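Report on the structure given below.
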Amino acid sequence: MALLIIGSQRSAEFLAAIREIAPDMDVRVWPQQAGRIEDIGYALAWGPPPGALKTLPNLRLVVSVGAGVDHLMHDPELPSIPVVRYVDPDLTRRMVAYIALQVLFHQRRMSEFIELQHNRTWKYLREPAPAEVRVGLMGLGVMGEAAAVALRALGFQVRGWSRSRKHLEGVTCFAGEGELDAFLGDTDILACTLPLTPETRGILNRPLFRKLSRSGRHERLPGPVLINAGRGGLQVEADIIAALEAGELYAASLDVFETEPLPATSPLWAHPRVVVTPHNAAESTSRAIARYCVQQVRALERGEPLKNVVDRERGY
Ligand SMILES: NC(=O)c1ccc[n+]([C@@H]2O[C@H](COP(=O)([O-])OP(=O)(O)OC[C@H]3O[C@@H](n4cnc5c(N)ncnc54)[C@H](OP(=O)(O)O)[C@@H]3O)[C@@H](O)[C@H]2O)c1
């Protein structure tokens, strides 16, 4: 059966990589080179046009180009076949590096030091020690758990929040909506790697920011910090700006946005306490994604269990 590459701007790179890794595989690109749609058994997909996958009568597997699958789940006609998401140690390490970098950046009050440097001002600012700072990881999945281990090694106090209860050494774990407020009240720097689902859309809003810890802020940080590397749909950008202006947030690092690319008119671009990156917290090479896709297709063909299958009920 043929593999169809659909939706991604990197289709040509995936095609070249798959042809090199699996020269015997029949690979096609949607829509020009799709050929006979009855031949297509597998799809490597990123944001396919809604309804397009449904037109493939013999489709048996969808491999997501990314770790998140919101780009597939919003298709009301997504066929009821296995969807596997991309999970890769290199991708995870890159996310861990992004989160550690942003946590350290704000713990060391770097946005203020950069401003002082611009003004040629030599000024001491009190920085909390890592052990004085509580990092709350929203999402304790593949990314969140790996970030927890790294942040602990850097000496931070680590908290985590997930849907189901976790037991991680040295991490205070909170679970479910009922424990969200307690988690937020015990967090100075909030780092989010939640998936975007109907439950999590817009969760990073002003009422939530107001619940972040303010006790002992003088010993810790000038105020709470938000880091979002999950999806832009998790955050309400007008609320982030308002919270920064009101001092309810001290700073933010945002890798994902409600609209991508972030429009030039967004006030986030120029805010002195906001770090903007272009959805590149964790990126993989086209070759690595192609290799993963081929492995999953081969596993299915051999009748072996698939890895990282998405729970369609939960939506991630
Ligand atoms: N910016 C980037 O470059 C980039 C790169 C890669 C991934 N991402 C984003 O990161 C996300 C997470 O990736 P991952 O591999 O860590 O996913 P994952 O392993 O599926 O982990 C998701 C975590 O979120 C928790 N969660 C989901 N819905 C929840 C809810 N309603 N309430 C509380 N907790 C909830 C899950 O709880 P349970 O453990 O109880 O299921 C789990 O701990 C992806 O979906 C993607 O959007 C972004």
Side-chain angles (χ1 to χ4, degrees), residues 8 10 46-47 63-74 83-102 136-151 158-168 171-184 187 190-205 208 211 226-235 252-258 260-262 275-285 288-289 292 307-316:
S8 174
R10 292 154 75 182
W46 180 259
V63 180
S64 167
V65 166
V69 291
D70 44 293
H71 62 100
L72 293 166
M73 294 299 146
H74 72 208
V83 174
V84 297
R85 64 192 197 92
Y86 183 59
V87 177
D88 175 81
D90 175 58
L91 187 81
T92 306
R93 277 192 291 271
R94 288 176 195 240
M95 178 62 86
V96 169
Y98 171 85
I99 292 174
L101 175 69
Q102 303 309 323
L137 296 162
M138 236 181 159
L140 277 179
V142 174
M143 304 290 174
E145 182 176 343
V149 173
L151 290 166
V158 184
R159 283 85 180 94
W161 182 70
S162 51
R163 195 147 97 150
S164 57
R165 171 126 359 245
K166 302 281 184 275
H167 300 278
L168 303 177
V171 180
T172 311
C173 294
F174 298 82
E177 247 177 84
E179 294 180 15
L180 178 57
D181 287 4
F183 163 73
L184 296 169
T187 288
L190 183 69
C192 178
T193 57
L194 285 173
L196 180 60
T197 66
E199 285 78 47
T200 61
R201 182 172 287 281
I203 193 170
L204 301 174
N205 56 35
L208 179 140
K211 291 176 186 163
L226 169 69
I227 298 168
N228 184 15
R231 283 286 184 268
L234 298 167
Q235 72 200 16
S253 289
L254 306 173
D255 183 58
V256 287
F257 300 91
E258 288 172 20
E260 294 180 6
L262 180 64
V275 177
V276 169
T277 47
H279 199 145
N280 71 338
E283 192 49 270
S284 250
T285 62
I289 294 167
Y292 178 85
K307 287 184 191 140
N308 309 310
V309 178
V310 171
D311 181 328
R312 297 287 290 270
E313 271 299 301
R314 294 183 320 187
Y316 65 95

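Remember, predicted model here, so these are calculated numbers, not experimental data. Read the numbers this way: they start at 1 and go in the same order the structure lists the ligands and their atoms.
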Backbone or side chain, does any N or O of [X] fall under 3.5 Å from an N or O of ligand 1?
X: Ala67; value: no
X: Arg231; value: yes
X: Trp161; value: no
X: Arg163; value: yes
X: Leu196; value: no
X: Glu283; value: no
X: Asn280; value: no
X: Gly141; value: yes
X: Leu140; value: yes

Quick test: of every protein heavy atom, which one is nearest to [atom], and how far off is it to 0.1 Å?
atom: atom 4 (C) of ligand 1; value: Met95 CE, 3.4 Å
atom: atom 15 (O) of ligand 1; value: Arg85 NH1, 2.9 Å
atom: atom 9 (C) of ligand 1; value: Gly230 O, 3.5 Å
atom: atom 11 (C) of ligand 1; value: Thr193 O, 3.5 Å
atom: atom 13 (O) of ligand 1; value: Met143 CG, 3.6 Å
atom: atom 41 (O) of ligand 1; value: Tyr316 OH, 2.6 Å

Should one rank [options] by closest heavy-atom distance to [atom], which comes out on top?
atom: atom 8 (N) of ligand 1; options: Ala229, Ala281, Ala282; answer: Ala229
atom: atom 35 (C) of ligand 1; options: Asn308, Asp255, Leu194; answer: Leu194
atom: atom 24 (O) of ligand 1; options: Ser164, Ser162, Pro195, Ser64; answer: Pro195

What is the minimum heavy-atom distance between [X] and [Y], and which atoms define it?
X: Gly144; Y: Leu137; answer: O-CD1, 3.4 Å
X: Ala67; Y: Leu91; answer: CB-CD2, 4.0 Å
X: Trp46; Y: Gly68; answer: CZ3-O, 4.3 Å
X: Pro195; Y: Thr200; answer: O-OG1, 2.7 Å
X: Cys192; Y: Leu234; answer: SG-CD1, 3.7 Å

Just by distance, do the side chain of [X] and the backbone of [Y] share a donor-acceptor pair under 3.5 Å?
X: Thr277; Y: Asn280; value: no
X: Asp70; Y: Leu196; value: no
X: Gln235; Y: Val256; value: yes

Is Glu179 salt-bridged to Arg165, going by a charged N under 4.0 Å from an acidic O?
yes
Sidechain N-carboxylate O distance under 4.0 Å for Glu283, Arg10
yes
Considering residues, nucleotides and ligands other than Arg201, do more than 12 of their heavy atoms fall under 6.0 Å from its CZ?
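No.
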Using a heavy-atom cut-off of under 4.0 Å, does the side chain or the backbone of Thr200 touch ligand 1, or both, or neither?
side chain
Should you measure from each heavy atom of [X], which atoms of ligand 1 turn up under 4.0 Å away?
X: Gly139; result: 23 (C), 24 (O), 43 (O)
X: Arg314; result: 41 (O)
X: Lys166; result: 38 (P), 39 (O), 40 (O)

Start with the C-alpha gap between Arg314 and Thr197, add the side-chain angles, then the distance that decides, and say whether side-chain contact (heavy atoms from CB on, under 4.5 Å) holds.
CA-CA 8 Å; Arg314 294 183 320 187; Thr197 66; over 6 Å; no
Below 4.0 Å from ligand 1: does a non-hydrogen atom of Arg165 turn up there or not?
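No.
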In terms of ring plane angle, is the pair Tyr86 and Tyr292 parallel, tilted or perpendicular, where the classes change at 30° and 60°?
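Judged by the thresholds at 30° and 60°, the geometry between Tyr86 and Tyr292 is perpendicular.
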Take Trp161 and Leu184 through the test side-chain contact (heavy atoms from CB on, under 4.5 Å) and record every step on the way to the result.
CA-CA 9 Å; Trp161 182 70; Leu184 296 169; over 6 Å; no
